[in-house]
Structure formats: C-alpha cells, structure tokens
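Encoded as structure tokens, the structure appears first; notes follow it.
This chain uses plain numbering: 1 for the first residue, then up along the sequence.
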Amino acid sequence: MKQNKVNKIDLELQQKIQINESNVNLSWVLKFPNCHELQSSILQMAFIDLNIEIQNYDRQGACHIIVSNQIQYPFIQIVEGMLIYQKQKYLFLSDCIVEKKKFICHQSQLFLIKISNNQGRLIFIFAHPISQKEWFKILKLSAKQNNFAQKYRINEILMANIFSVFERRKNKKLVAQIIKKKDIKQQEQYEIINNYIKILRSGKIMNYYPVLSIFDDIESISIITYQFYGTTLESLLLSTQQAVPQSDLAFIFYSVLQSLRSLQDEELFHGYLCLENIIMANVLGSLQVYLINSNYKPYNENNLDFYLNSIPNYLLAPELQSFQDLPSVKSDMYQLGMVFFLISFYSKGQIFNRQYITKMSQSKRELIKQQENNFQKCRDSDFPNLYSACQLDLIKKMIDNDPERRISVNDAIKHAWFINTKDKLKSKKIQSMNRNLPSLRTIIEMVEQSEQDIRRKSFQLSNVQYSKKILECATSIQQLDFNTLQQQQEASPIVKSLESQNENIDEEHEISNLIYKLNNKQYFMMPSLLGHLIQDKNQYRLVQPKNHLPSFQD
C-alpha cells in the first residue's frame, strides 16, 4: 500500500497569514525577563548546504524568530520533509521534534512552534493562532511529536510491539508500533530505526503501512498508523489447524516481492525478512500484507559485523557470511526464500523453535531433493503447504547459494507458480458459483522444468477435456459472486491427490501469454486467511466481504 498524502494549500489563506504576521511588532517581547524562552539557537543546528532548485513546496512564507536578542523575519519553505531556511540551509525534519506552545505575557500571548534536535532549537513565533495551526499541520507530517501518552490510550496488544490505541481527542481507534528505547543498545540501532521511519514516511514502498504521525518521548518511539487487526506470519502458521491455502500463500509472497521491487527501485533493501516481520492484516475486510522492522543502513566492510551479528544465521546469504558482498535486495531474496522454505516444509504439530529452524535449514537440500523425487513419481508432497513442483522450483531459485544465479525480483514476480495460482483461483470461483458442476480443476500449469508434472498430470487428460466442455456453459467471472470466504476448501492429502490428477499442462499455451494476463488483468484473491485473523469482537468481525478483496497486480 502506497502512502499518498495530499497536502492541500489554501494560497489565499497563506497570503493573509503572511500579511498579518509581517505587520506584527514584537519588540515589546525583548523587555520581559523570560524572553529567553523564545530564543532560537539556530547557529547550533545541523543545517546542510544544498544547491537545489525547488519547484513544488508544501508551504512557504516567513515568521518571526529571535536569535541573540534580535528579532528576525526569515523566509521559510517546507518541501519533501525538509525545512529550508533563507533558501540556502536545509534541515531534515525527520530528525527533529515539533511542539506547539504558548507564551503568555500579562494580557498578551504569542503562539509558538518549537523545532528541536540534539544540536539546538528553532522557535517560530506567531501572533495569531491560525498561523500556528496552519504551519504545524504541515510540519507534523515530517517531524516527530512528543507526549504520546497525553494524546493516546493503549487498548490492547496485537502482536510484539504493536498495539491498538485510542486517540483521546477524536475518539478514534488507531494502531501504534511502540519501540522501547531501553531495548536500543547501540548507536547503529538508532540509525536503523531512523532509516525505517524515513522509509515509512516516504510512502514510496509498497506494503509498508502508511504513517500518520511519529512520537519520540523519553522512554519510547511510537509510530501511528490506521486501525487494523492482524498477526505475524509466524503466529498465523502456528495457530491455524490446517494447511495455508495455496492462493493465500501465493498472495503473501507476491506482496512481499512487490515490496522488494519497490525497495530496489529506490536503491534500498529490507535486511531482515523473517516470519515475525511479515504481518497479515485485516484492513476493512480484505487481506493486506505489511513488512515491518527493516534493517536498512549503508553497510560497508567496517560495519558489516554489526549486521551479521544482528541477523540469525539461517537468514544470512552465503555471500554475506563469506564477506564477498554487502546486504542488498539479492540477500533479501535469499531471506524470503528461506521463509518460503520453512513455511512450505512445515507440518502441524512441529515445535517451531530455534532448534527446529536450524535443523530444517541444515537439511534443506536433502528435503528439497526428496520432494522432487515425489513429484517425479507422480506423488504429492509429504508436506501440506507444499503443493507442486512449480512451487519447489521457485524456492530453489530463491535460496541459490550463488547470488548471480539467484532469481531476481522481477523474474520471481513473473514466476509460473503465481500464474498457476491465479488460474486455480479463477477456476475455484467458477466452481463455487456453479454448484451443479463436479469438483474439477481446469488449470493451465507452466513449469520451467516440468517434465515430471506433464507426466503426472497427463493421466487425467480426458477428464480435464470433459470439464472444459462443462465450463463453456458457465457465466463470465465478472458476474460471479465473490462471497467465498467460508467456501474455500483446505487441502487435505486426499483432496490434494484427487485434484492433482485433474490438472493438465497445455504445452501450446505460451508463458508470455500468461505473463501478459498477470500484468493486465486483476483477479481478486480469496482472503481465507482472514478467517484466522477475525477475533470474537464485533468491530473486527467480517459479515460479508465485498468486491474490494486484494488481488495480484503489478
């Protein structure tokens, strides 16, 4: 989900504010003994000298500032999260805390905005409250605030460090990710958290939750977003009593790949893709995937040890362990492949702890080879979340030890497994609405190394041809009812075996045509995982999902 905040600027109101403030005489303030509260230590602030031309801005104007007992009226601009002072000096607002204050002198009062960081402070002085309100409305979108506890009340914990909160003034429910400062031991961690906040605030990365505001208090840093109810991918895997449906599994990993592509486009990476940092969220009745807790910073040979010590060994790509490369989207792909492997080879009842993960990661090659043999012998896999040789092929390419042979983000998004799953989902929707039809799958399966699949699925070719004749009488998919939340079947070994016999690969159906469909048609995903996210609370219960379910889309 991209964060698209539109900052509407009333130019007429801005001009009136400018005129009113420019006509104010504040010389009387210097006569009061407590005027030091209005002093700006601007010379100490870490301004950056940049030579750039500003085309579009969020707000510009001027306001009074007192520096060394002298009243100044400098020109101020706010653009792309930066405060520009006198068109020459730039200050990144994400590193600052912004506060609203009042200064009362006998019968008079002034309205202040304080911008501060570790180096100093900058205090805007206004004579009119509307001026303070309009400037603060823009500043708080980029800077941090404080006094989280005064503005929000914590209702309940959703998952580790993520809470449902209640906004006191507007009586509104939101969600806050709260990072305790006592858990931050090193300066590198502060840098990573600041980078994480900047990435969230940029709104350019898909499937990073949108940020409404940031609070930086003495004990914690709080990131506010819209209300959702959700759980981590790890908790979901452990809590569900059945296999994760193939369509949901594909949707989850397709969503993460979209995020990686967005990060790659911005020359960034996540750095810590694990089961705990992938969130399944119920947002207005649809399944949304969020990535949290990125571990991005510009690593080099001198500080790579910090990264290697902060990431579990099973998630470290071989090129990083041998110091032959630095973290990037390539190493992110390896991490995502390991997560994909662990989920695909997970059986209910196993204890999902460090020992289990270590054992599985050490024997991954043998396990993959065993399941390849199963598919070659026309048998289903031994694991409920491993559905096909095509899925296994994607896992192998994601965890390849050679970063040059490892599948790229763009190729992974176009992999046949996602195309197959979309076609299977489309077929399921047709079958769910045509109840008189037998339970047959008409799936086109394209696997790059699929000789064993062709042999396995050709057994029921005649059966598939029969099903195609029946489906010609079905209504178009646009006319179908998508209320299949309770109708999506879980794949038991018996069902998987019967369904796998009814699959067929059309060799004349070229992969390029399927990729074209993937890029140009939007098929709704069936969020059966939402059934596991709904709690016994009226505000989170889904009554009837509408046609706004998430879909595969580029």
Side-chain angles (χ1 to χ4, degrees), residues 14-54 57-147 187 190 194 214-218:
Q14 180 177 288
Q15 188 174 12
K16 289 181 179 179
I17 290 174
Q18 186 71 25
I19 294 173
N20 291 337
E21 294 295 335
S22 62
N23 293 330
V24 173
N25 185 352
L26 296 179
S27 59
W28 58 271
V29 175
L30 300 177
K31 300 176 182 179
F32 287 86
N34 59 341
C35 72
H36 64 277
E37 298 177 10
L38 304 178
Q39 297 280 343
S40 294
S41 54
I42 189 171
L43 300 178
Q44 301 175 17
M45 301 192 76
F47 282 99
I48 301 173
D49 293 325
L50 296 176
N51 296 318
I52 60 175
E53 294 184 3
I54 304 300
Y57 55 87
D58 296 326
R59 183 166 295 281
Q60 68 177 359
C63 61
H64 290 91
I65 294 175
I66 300 178
V67 180
S68 301
N69 289 325
Q70 294 183 348
I71 299 175
Q72 301 179 4
Y73 193 67
F75 185 71
I76 304 293
Q77 289 176 302
I78 300 174
V79 57
E80 293 292 330
M82 293 186 298
L83 172 68
I84 306 174
Y85 186 85
Q86 295 289 57
K87 296 185 178 182
Q88 296 177 343
K89 298 184 180 298
Y90 296 75
L91 181 69
F92 288 103
L93 291 170
S94 59
D95 298 326
C96 302
I97 295 177
V98 59
E99 307 171 64
K100 285 195 300 184
K101 292 181 174 294
K102 286 184 180 180
F103 182 80
I104 300 176
C105 303
H106 299 303
Q107 301 299 322
S108 301
Q109 63 178 350
L110 298 175
F111 302 91
L112 315 176
I113 294 179
K114 178 182 176 182
I115 302 174
S116 59
N117 57 23
N118 295 332
Q119 284 74 37
R121 67 183 189 181
L122 183 63
I123 298 179
F124 295 170
I125 305 174
F126 304 101
H128 305 279
I130 189 65
S131 303
Q132 181 196 49
K133 177 182 177 181
E134 291 299 312
W135 276 95
F136 188 79
K137 184 166 61 176
I138 301 297
L139 284 166
K140 71 177 183 179
L141 294 178
S142 300
K144 303 172 186 175
Q145 302 178 61
N146 57 11
N147 298 323
Q187 182 60 36
Y190 272 107
N194 286 334
I214 308 286
F215 288 80
D216 192 339
D217 294 300
I218 296 176

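Contact record, Ile123 with Arg121: CD1-NE, 3.8 Å, taken as the closest heavy-atom pair. Nearest heavy atom pair, residue Ala62 against residue Trp135, reads N-CZ2, 4.3 Å. Nearest heavy-atom pair across Gln132 and Ile113 is O-CD1, 3.5 Å.
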Test side-chain contact (heavy atoms from CB on, under 4.5 Å) applied to Leu93 and Val98, step by step: CA-CA 9 Å; Leu93 291 170; Val98 59; over 6 Å; no
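For the pair Tyr85 and Pro74, the minimum side-chain heavy-atom distance is below 4.5 Å. Using a 4.5 Å cut-off on side-chain heavy atoms (C-beta onward), Leu141 and Asp58 make no contact. Residues Leu83 and Leu122 form a side-chain contact, since some pair of their non-hydrogen atoms from C-beta on lies under 4.5 Å apart. You'll find the side chain of Lys100 stays beyond 4.5 Å of the side chain of Leu139, heavy atoms only. The side-chain heavy atoms of Cys35 and Ile66, taken from C-beta on, include no pair separated by under 4.5 Å. In this structure, Lys133 and Phe126 have side chains that are not in contact, with every pair of non-hydrogen atoms separated by 4.5 Å or more.
Using cut-offs of 30° and 60° for the angle between ring planes, the His64 and Tyr73 rings count as tilted.
Listed for the Ser94 side chain is no donor-acceptor partner under 3.5 Å among the backbone atoms of Ser142. Gln86 contributes a side-chain N or O that, together with a main-chain N or O of Phe75, makes up a donor-acceptor pair within less than 3.5 Å.
Scored by the side-chain contact (heavy atoms from CB on, under 4.5 Å) test, Tyr190 finds Lys181, Ile184, Gln187 as partners (sequence neighbours excluded). Not counting sequence neighbours, Asp217 has no partner by the salt bridge (charged side-chain N to carboxylate O under 4.0 Å, His left out) test. Under the rule for a salt bridge (charged side-chain N to carboxylate O under 4.0 Å, His left out), the partners of Lys101 that lie at least two apart in sequence or sit in another chain are Glu99.
Summarising the geometry, atom CD belonging to Gln72 is positioned 10.5 Å from atom CD1 belonging to Ile125; distances are rounded to the nearest 0.5 Å. Here Gln119 contributes atom CD and Cys96 contributes atom SG; the two are 8.5 Å apart, rounded to the nearest 0.5 Å. Between Ile214 atom CD1 and Asn146 atom CG the span is 13.5 Å, to the nearest 0.5 Å. Lys102 contributes atom NZ, which lies 11.5 Å from atom CG of Leu110 (distance to the nearest 0.5 angstrom). The distance from atom CZ of Phe215 to atom NZ of Lys140, rounded to the nearest 0.5 Å, is 8.0 Å. A distance of 12.5 Å separates CD1 in Ile115 from CG in Asp95, rounded to the nearest 0.5 Å.
Counting heavy-atom neighbours within 6.0 Å of Gln39 CD, excluding the residue itself, gives a total above 12.
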